[in-house]
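Working notes, beginning with the structure itself.
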Amino acid sequence: MSTAPVVLHRRFGHTARRDAWWIQPLLVFFALSTFVVYATWAAFQGEHYTYGPYLSPFYSPEIFGGSPHSWFGARPALWPGFLTYSPALLILPIPALFRVTCYYCRGAYYKSFWADPPACTVGEPRHSYWGENSFPLVLQNVHRYLLFLSVFVLLILAFDAYAGFWFHDPDGGAPRFGIGVGSLVLTANVVLLAGYLFGCHSMRHVAGGCVDQLSRSPLGSRTYACVSCLNRRHMVWAWSSLFMVGFADLYVRLCSMGVWTDFRIL
Amino acid sequence: MPTTATFRIWRGNAQGGKFEDYATPVSEGMVVLDAVHQIQADQANDLAVRWNCKAGKCGSCSAEVNGQPRLMCMTRLNQLNLDEPVTVEPMRAFPSIKDLVTDVSWNFRVKKGIRPFKPRPPDAPDGTWRMQQADVERVQEFRKCIECFLCQDVCHVLRDHKQFDGFVGPRFLTYAAALEMHPLDEERRARELKTTHGIGYCNITKCCTKVCPESITITDNAIIPLKERVVDELYDPTVKLLRFFRRK
């Protein structure tokens, strides 16, 4: 028998864990940071967001803008001249805030960005703690409203994906059906976003989680089962849709800049 | 698998303590609790350890093995790296009594503070109720809980921030969910969940789900649905408006 020194005070990062607990929060930190930096940069560019029938999901719906996809024409005259304008600035806050308030993402960024805690049974940097009980984190409860707004945006993205299959001939005439790599990218983006939104915890609550007797509504019961099925892989949907929405913007941008060529499959 | 392994076991009480190393023979099929019992029999007769079923069903032998909250009886030695000492310490969220035994009585006091099951009036004249399997399936998952309190131990709100007065912990949020979602229950607990039970303290780390030996999806199936019900009751103006018109 021999004795070993003991650490009684749990300082930041202290743990008896032997595994590489720091890898996951570090990966989340770098992945989310990369996305936030890219999305912010892309949102402020205000150009190269369309290519043929494709419209970048960061800029959709284009409420006011200079492209043929714009709903109400160019930038409103009332917009202050000293403020940078980009169509993405009007719409991107909705999906961005949806992700900020998403239950999965909350858990992930509390750990990775705020070390609260850095990982399970690992010491924290701060002693004070308010959780989501008080301002500002109590505002996370607005998540369901952002879900409804995001579903509206998703419907528009679905229309954009559909429109991405209709190409205009260079010599004019009616648009003709075709499949480009960009059509598939925009469609995959919609599918992954739909998996993420329809598997959301708030959606699960609305779909049947709010009632105790699901059997009284067979349709509600089936809806709840479907949403629960998607919800079990919510983390996978969250990450795959995040990657895809960023990639879809990058794809349209690089095609528009002439860096990448959009290959036509059909 | 080596024939001998070293176990670094916490020896102490509420006043303090230290880790002590014990080398003991090991063999295929052994679990940490077997090794602890062997050490207790051969080298440290005064080593205190709480255990009962040795089958992962009583929830008595909760401890932290290599820093991870686990049931000692369900932690096989072949899952661990025996080339270095295996640390075994009591649950750190609760006060120490002696060695690996902690005082978990706070949990039982907390449980009494949750509004009990209040069924609706009986459905049949003989005083019985009718309910569909589909309706009780959701809460049956929560009934698997063996009250090992590993989820309470790993929860940083209790473990690091010591919010024992304002937060009931994942075990009792699961207990409240089992009652709240029960098809026969009529009690309303949402307001208390926010105020006295402190559901807002949970920041969804999912550590409780990861350590649950019964694989209960605590965060996704119990805590988040309860958070949503609290939003219905206390934060969402649309739900309040709908309820107002429904009452009219």
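The chains referred to below are lettered A, B, ... by the order of the sequence lines, with proteins before strands, and numbering in each begins at 1.
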### Task
Could you look at Asn221(B) and say if it's the side chain, the backbone, both or neither that has a heavy atom under 4.5 Å from chain A?
both

### Side-chain donor-acceptor contact under 3.5 Å, His205(A) with Asp232(B)
yes

### Task
Tell me, with the steps shown, if Arg232(A) and Thr217(B) meet side chain to side chain contact (heavy atoms under 4.5 Å, CB included).
CA-CA 10 Å; Arg232(A) 279 191 280 276; Thr217(B) 317; over 6 Å; no

### Query
Would you say the side chain of Gln140(A) lies within less than 4.5 Å of the side chain of Ile204(B), judging by non-hydrogen atoms?
no

#### Entry: Test item: side-chain donor near acceptor, His143(A) and Glu228(B), under 3.5 Å
no

### Query
Which heavy-atom pair separates Gln132(B) from Ser215(A) by the least distance, and what is that distance?
CG-OG, 3.3 Å

### Task
Calculate, to the nearest 0.5 Å, the distance between atoms OH and CG belonging to Tyr201(B) and Leu137(A) respectively.
12.5 Å

### Task
Mark yes or no for whether Arg204(A), through its side chain, and Asp220(B), through its backbone, hold a donor-acceptor pair below 3.5 Å.
yes

### Message
As an exercise, state the distance from NE2 of His201(A) to NZ of Lys227(B), rounded to the nearest 0.5 Å.
### Response
11.5 Å

### Summary
CZ (Arg106(A)) and OG1 (Thr205(B)) are apart, to the nearest 0.5 Å, by 12.5 Å

### Message
Please classify the contact of Val211(A) with chain B as side chain, backbone, both or neither, using a heavy-atom distance under 4.5 Å.
### Response
backbone

#### Entry: Atom pair OH (Tyr129(A)) and NZ (Lys162(B)), whose distance is rounded to the nearest 0.5 Å
14.5 Å

### Task
Can you see which heavy atom on Tyr110(A) is nearest to which on Asn203(B), and at what distance?
CD1-O, 3.2 Å

### Task
Return yes when atom CZ of Phe113(A) has more than 12 non-hydrogen atoms of other residues, nucleotides or ligands closer than 6.0 Å, and no otherwise.
yes

### Distance, nearest 0.5 Å, that separates CD of Gln213(A) from NE2 of His182(B)
10.5 Å

### Query
Any sub-3.5 Å donor-acceptor pair from Asn66(B)'s side-chain atoms to Arg18(A)'s backbone N or O?
no

### Task
Would you please say whether a donor-acceptor pair under 3.5 Å links the side chains of Tyr145(A) and Asp236(B)?
yes

### Atom of Ala16(A), atom of Glu89(B) and distance for their closest heavy-atom approach
CB-OE2, 3.5 Å

### Query
Which heavy-atom pair separates Lys210(B) from Lys111(A) by the least distance, and what is that distance?
NZ-NZ, 3.4 Å

### Summary
When the 4.5 angstrom heavy-atom criterion is applied to Tyr224(A) and chain B, the contacting part is side chain

### Query
For Thr121(A), does its backbone N or O pair with a side-chain atom of His156(B) as donor and acceptor, under 3.5 Å?
no

### Task
Under 4.5 Å heavy-atom distance to chain B, tell me which part of Asp116(A) shows up: side chain, backbone, both or neither.
both

### Query
What part of Trp21(A) gets closer than 4.5 Å to chain B, counting heavy atoms only: side chain, backbone, both or neither?
neither

### Task
Examine whether an atom of Arg159(B) lies under 4.5 Å from a heavy atom of chain A, and if so say whether it belongs to the side chain, the backbone or both; otherwise answer neither.
side chain

### Summary
In terms of heavy-atom pairs under 4.5 Å with chain B, the winner among Gly131(A), Pro117(A), Gly209(A) is Pro117(A)

### Which of Arg216(A), His234(A), Glu132(A) touches chain B most, by non-hydrogen pairs under 4.5 Å
Glu132(A)

### Task
Check whether Gln163(B) gets within reach of chain A through its side chain, its backbone, both or neither, counting any heavy atom under 4.5 Å.
side chain

### Message
For a quick test of reading the model, state the closest non-hydrogen atom pair linking Asp212(A) to Asp135(B) and the distance between them.
### Response
O-CB, 3.9 Å

### Query
For Ser228(A), is it the side chain, the backbone, both, or neither that has a heavy atom closer than 4.5 Å to a heavy atom of chain B?
neither

## Note on the structure
CD of Gln68(B) to CG of Asp19(A), rounded to nearest 0.5 Å, is 5.0 Å

### Task
Let me know if Cys155(B) has heavy atoms under 4.5 Å from chain A in its side chain, its backbone, both or neither.
neither

